[in-house]
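We name chains A, B, ... by the order of the sequence lines, and we start the count at 1 in each one.
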Amino acid sequence: MNVELSSGLKAKRSNSLKSLYKMELVRISTAGSVDDGKSTLIGRLLFDNNALTKEQEELVAKKTAEKGWDDLDLSVITDGLVAEREQGITIDVANMYFSTDTHKFIITDSPGHVEYTRNMVTGASMAETSIILIDARKGLLEQSYRHFYISHLLRLKRVIFAVNKMDLVEYDQDRFLEIAVEIQRMVEGLNAAVPYTVVPVSSLKGDNVVKPSENMTWYQGKTLNGLLHETHPDISESQPLRFDVQHVTHSQENGFVDYRGYSGRVISGTVSVGDTLRVLPSKKESVVTEIRRYTETKDKAISGDSVSISLADEIDISRGAILVHPDETPEPQQTVKATLVWMDEKDANVGSKWLMKAASREFPVKLQTILQSVDPTKKNATDNKNVIALNDITEVEIRLSQPGYFDAYETNKKNGIFILIDPQTNNTVAVGFVKGE
Amino acid sequence: MKNQHLYDLENESIYILREVASQFKKPVLLFSGGKDSIVMAHLARKAFYPSRIPFPFMHVDTGHNFPETIEFRDAFMKELGADLIVRYVQDSIDQNKVQEETGKYASRNSLQTVTLLDAIEEHGFDACLGGARRDEEKSRAKERIFSVRDDFGQWDYKRQRPEPFQLLNGRIQFGENVRAFPISNWTEEDIWSYILQEGLELPSVYFAHNRKLIKRDGQYLAHSEFVNIVDSDEIEERTVRFRTVGDMTCTAAFLSDAATVEDVLKENVASKHSERGARIDDKRSESALEDRKKGGYF
Ligand SMILES: Nc1nc2c(ncn2[C@@H]2O[C@H](COP(=O)(O)OP(=O)(O)OP(=O)(O)O)[C@@H](O)[C@H]2O)c(=O)[nH]1
Ligand SMILES: [Mg+2]
């Protein structure tokens with residue numbers, strides 16, 4: 001190892017001190033079937049963006065030599081567990097980080113194996129864009145349908161289909177077009193509103209990942225890296241205010257007399273000093289006197305901000321309360337219709353009881369009705385089952401032990417989601433997307 | 001000009017810290033005196049201001065720390081007004097719970113685990129906040145924000161709970177505890193940029209200074225009574241800094257003139273080495289950290 005750190009100080013990279021300037025934090029996730037090349041693709045993105053550390057480069061060189069490959073084995077960068085490298089598959093989500101002059105990316109490598117679909121959902125839930133890989137030789141597989149369906153369910157801002165391993169089909173344009181047509185059919189079949197793009201790549205050789213391909217001059221579009229740079233963070237300022245109270249801060253310290261602030265996060269919308277807020281569930285109202293973040297006070301907080309709000313009146317507010325504008329109050333629900341993605345080995349039936357966690361609220365709920373199970377591949381039309389099993393996507397009706405104040409996921413993502421917790425095992429067993437009436 | 005991505009990361013970390021304070025009965029913040037725990041402590045200060053940070057700090061002291069770090073730690077705690085619990089690996093050794101390693105590469109780094117688990121049990125802590133980052137190491141990249149550990153502190157990647165939308169489930173059985181990582185999504189560069197932006201103080205070993213060193217296997221170690229010096233070692237005096245401050249026995253120094261946070265940032269960006277490259281204990285084997293984590297290490 002080279003200890004002369006300063007010798008490398010010629011700063012080949014133009015982006016020195018880039019982090020001091022405004023950059024966008026963008027989250028991307030990958031999906032696709034086993035062995036489509038997701039891990040290799042992420043490795044390639046990092047490698048060609050000059051974002052690998054020396055240690056990572058050494059690991060790649062070592063593993064490549066061990067396997068005796070001509071091309072670099074870039075999958076070892078994300079496959080960080082011993083079991084993964086031994087089996088050559090991804091088991092658990094890995095988060096990788098890299099930045100360019102304008103963007104800071106958090107990219108999750110998800111496993112392709114059906115067994116680990118829950119990890120794919122987790123990876124994609126925070127993402128603005130998901131990349132679904134397709135093996136050019138195989139075309140769309142069951143997992144492609146499933147992952148596209150989940151991306152659609154998540155209402156991602158964009159899906160990029162990366163048709164990978166183009167080197168194994170002689171970089172053939174016709175093959176690419178065939179797959180593009182298959183994709184178009186899938187999207188139309190779902191009536192899906194997700195904007196999508198298709199790009200032909202070879203992760204192993206590097207075509208169209210960061211560098212434009214010399215082998216596919218017939219492709220005029222942007223490289224994958226170019227497409228990722230069109231992504232911007234999702235900030236929902238124009239939506240109704242939903243403020244989640246996580247914690248009540250009382251203080252007599254730091255020169256404050258009887259400070260009381262409701263600490264939490266602006267889930268959606270904006271809140272300003274002087275606004276009248278309604279507290280749910282109590283429905284009491286009061287005016288915002290201060291919005292604080294540490295020693296700084298602000299006129300306004302927007303979606304995503306972690307702040308503390310003080311009100312003019314002393315009202316009883318505790319963890320789990322929601323603050324809203326009175327004219328935009330969500331309806332209290334006794335039951336919710338939702339799409340569940342089931343994540344546990346143990347099945348569920350009508351009557352199953354769980355704890356629901358939505359923002360800071362946690363309360364018992366019960367599965368009232370199984371409305372319909374969804375088959376993303378559309379092979380078996382609507383096969384109605386009365387059990388919910390691992391990786392199933394199911395539309396259900398859930399009875400709540402206290403009123404929910406959800407918005408439909410479609411109109412307000414952050415206030416339209418929940419997880420279910422098994423009270424016996426404490427496992428997170430499902431994620432739910434609230435449906436509108 | 002507001003630094004948007006640091007602001008976003010700060011939003012996320014404050015959210016996580018508040019979840020920990022609310023979901024657990026007895027959380028503790030593990031404080032090593034290194035840059036990541038300093039940033040974490042600063043974020044905790046922000047999350048609960050104007051009230052005090054609602055949990056104590058704990059340092060598992062291997063006895064092989066840089067004296068500069070310990071000095072900094074005590075001054076920092078005093079300024080913060082937080083309670084600090086210190087537990088010593090030496091005590092675990094004296095009680096014959098662990099055995100001191102011998103030989104050239106002897107280190108107390110993995111012995112810490114036993115002292116940590118004992119302290120967790122002694123105090124009944126149900127959550128330990130740690131400053132680990134996912135960009136540090138390949139098995140860290142797989143860590144959840146809430147990582148459930150069994151009675152023996154073991155990490156089982158197969159038991160990891162999904163965290164869609166960062167909805168954090170901290171429910172545990174008796175005897176289990178959670179390791180919570182509020183700065184999971186920060187990179188080393190983010191940490192340094194944030195230190196610069198917020199004007200945070202750091203132990204002096206992070207900046208260029210003259211030091212007596214042991215040159216071994218092409219790397220420099222700080223000269224100290226804790227390192228077993230062998231014939232092939234060369235003793236030199238050089239201007240160096242440390243990118244991570246673990247134990248003196250297993251943290252390598254970099255030759256550097258970077259005297260300020262800005263210099264450090266520039267130099268780190270230009271260098272392609274990761275800070276973990278300076279952790280000699282991670283090089284024992286390819287899966288050194290994963291193995292230690294399975295055994296209850298942080
Ligand atoms: N020829 C060729 N091989 C590729 C390409 N991309 C990936 N591969 C190979 O395909 C195999 C699987 O690649 P991975 O990156 O591990 O696939 P993955 O999608 O991450 O697999 P899972 O995570 O287990 O689902 C490896 O042998 C890769 O080297 C490509 O563009 N061309
Ligand atoms: Mg993979």
Practice task
Determine yes or no for a side-chain-to-main-chain donor-acceptor pair under 3.5 angstrom, with Ser251(A) supplying the side chain and Pro50(B) the backbone.
Solution key: yes

Practice task
Indicate the atoms forming the closest heavy-atom contact of Arg144(B) with Asn119(A), along with that distance.
Solution key: NH2-OD1, 3.5 Å

Problem - Flag side-chain contact, heavy atom, 4.5 Å: Lys104(A) against Asp8(B) - result: no

Fill in the blank from the handout: Between Leu167(B) and Ala359(A), the two heavy atoms sitting closest are CD2-N, 3.7 Å

Fill in the blank from the handout: Nearest heavy-atom contact between Pro164(B) and Ile419(A) is CG-CG2, 3.7 Å

Problem - Contacting moiety of Gln160(B), where chain A heavy atoms sit under 4.5 Å - result: side chain

Practice task
Answer whether the closest heavy-atom distance between the side chains of His247(A) and Phe48(B) falls below 4.5 Å.
Solution key: yes

Exercise for the section: Measure Ser13(B) against the heavy atoms of chain A and call it side chain, backbone, both or neither at under 4.5 Å. Expected result: neither

Handout entry: Residue part contacting chain B, namely of Glu345(A), when any heavy atom lies under 4.5 Å
Key = neither

Practice task
Look up atom OG in Ser125(A) and atom CD in Gln166(B), then write down how far apart they are to the nearest 0.5 Å.
Solution key: 8.0 Å

Practice task
Could you check if a side-chain atom of His42(B) sits within less than 4.5 angstrom of a side-chain atom of Tyr294(A), using non-hydrogen atoms only?
Solution key: yes

Exercise for the section: Between chain B and each of Phe256(A), Tyr97(A), Phe418(A), Tyr259(A), count heavy-atom pairs under 4.5 Å; write down the option with the most. Expected result: Tyr97(A)

Exercise for the section: Determine whether Asn185(B) and Arg27(A) make a side-chain contact, defined as any pair of heavy atoms from C-beta on separated by less than 4.5 Å. Expected result: yes

Practice task
Flag the pair Arg161(B) / Asn426(A) as yes when at least one side-chain heavy-atom distance between them is below 4.5 Å, and no otherwise.
Solution key: yes

Exercise for the section: Determine, for Tyr7(B) and Arg293(A), whether the Lys NZ or Arg CZ falls below 6.0 Å from the six-membered ring centre while staying within 45 degrees of the axis. Expected result: yes

Problem - Inter-residue atom distance Thr187(B).OG1 - Asn95(A).CG, 0.5 Å rounding - result: 13.0 Å

Handout entry: Tyr15(B) side, atom OH; Asp244(A) side, atom CG - distance, nearest 0.5 Å
Key = 7.5 Å

Handout entry: Gap between atom CD of Glu296(A) and atom NZ of Lys46(B) - 0.5 Å precision
Key = 7.5 Å

Completion exercise
Bottom line for Arg52(B): the part with an atom under 4.5 Å from chain A's heavy atoms is both

Problem - Options Asn427(A), Ile106(A), Val429(A), Thr122(A), ranked by heavy-atom pairs under 4.5 Å with chain B, top entry - result: Thr122(A)

Handout entry: Minimum-distance pair of heavy atoms, taken over all atoms of Asn11(B) and Arg265(A)
Key = CB-NH2, 3.6 Å

Fill in the blank from the handout: Cut-off 4.5 Å, heavy atoms of chain B, and the answer for Thr249(A) is side chain

Handout entry: Side-chain heavy-atom pair Phe98(A), Asp135(B) within 4.5 angstrom cut-off
Key = no

Handout entry: Spatial distance of atom OH (Tyr49(B)) from atom OG1 (Thr295(A)) [nearest 0.5 Å]
Key = 6.0 Å

Problem - Contacting region of Val307(A) [heavy-atom separation from chain B under 4.5 Å] - result: backbone

Completion exercise
Hits for ring pair (Phe, Tyr, Trp, His ring centres under 6.0 Å) against Phe242(B), two or more places apart or cross-chain, chain-then-number order -> Phe66(B)

Problem - Side-chain donor or acceptor of Glu12(B) paired with backbone N/O of Gly304(A) under 3.5 Å - result: no

Completion exercise
When every non-hydrogen atom of Ser99(A) is compared with those of Glu189(B), the smallest separation belongs to OG-OE1, 4.2 Å

Exercise for the section: Taking the side chain as every heavy atom from C-beta outward, state whether Arg319(A) and Arg18(B) have any atom pair closer than 4.5 Å. Expected result: no

Problem - Atom group of Glu362(A) that falls short of 4.5 Å from chain B, counting heavy atoms - result: side chain

Practice task
Find the one option among Gln23(B), Glu163(B), Gln173(B), Glu176(B) whose heavy-atom pairs under 4.5 Å with chain A are most numerous.
Solution key: Gln173(B)

Handout entry: OG1-CZ distance between Thr425(A) and Arg171(B), expressed to the nearest 0.5 angstrom
Key = 10.5 Å

Handout entry: Set of side chain to side chain donor-acceptor pair (under 3.5 Å) partners for Arg361(A), sequence neighbours left out
Key = none

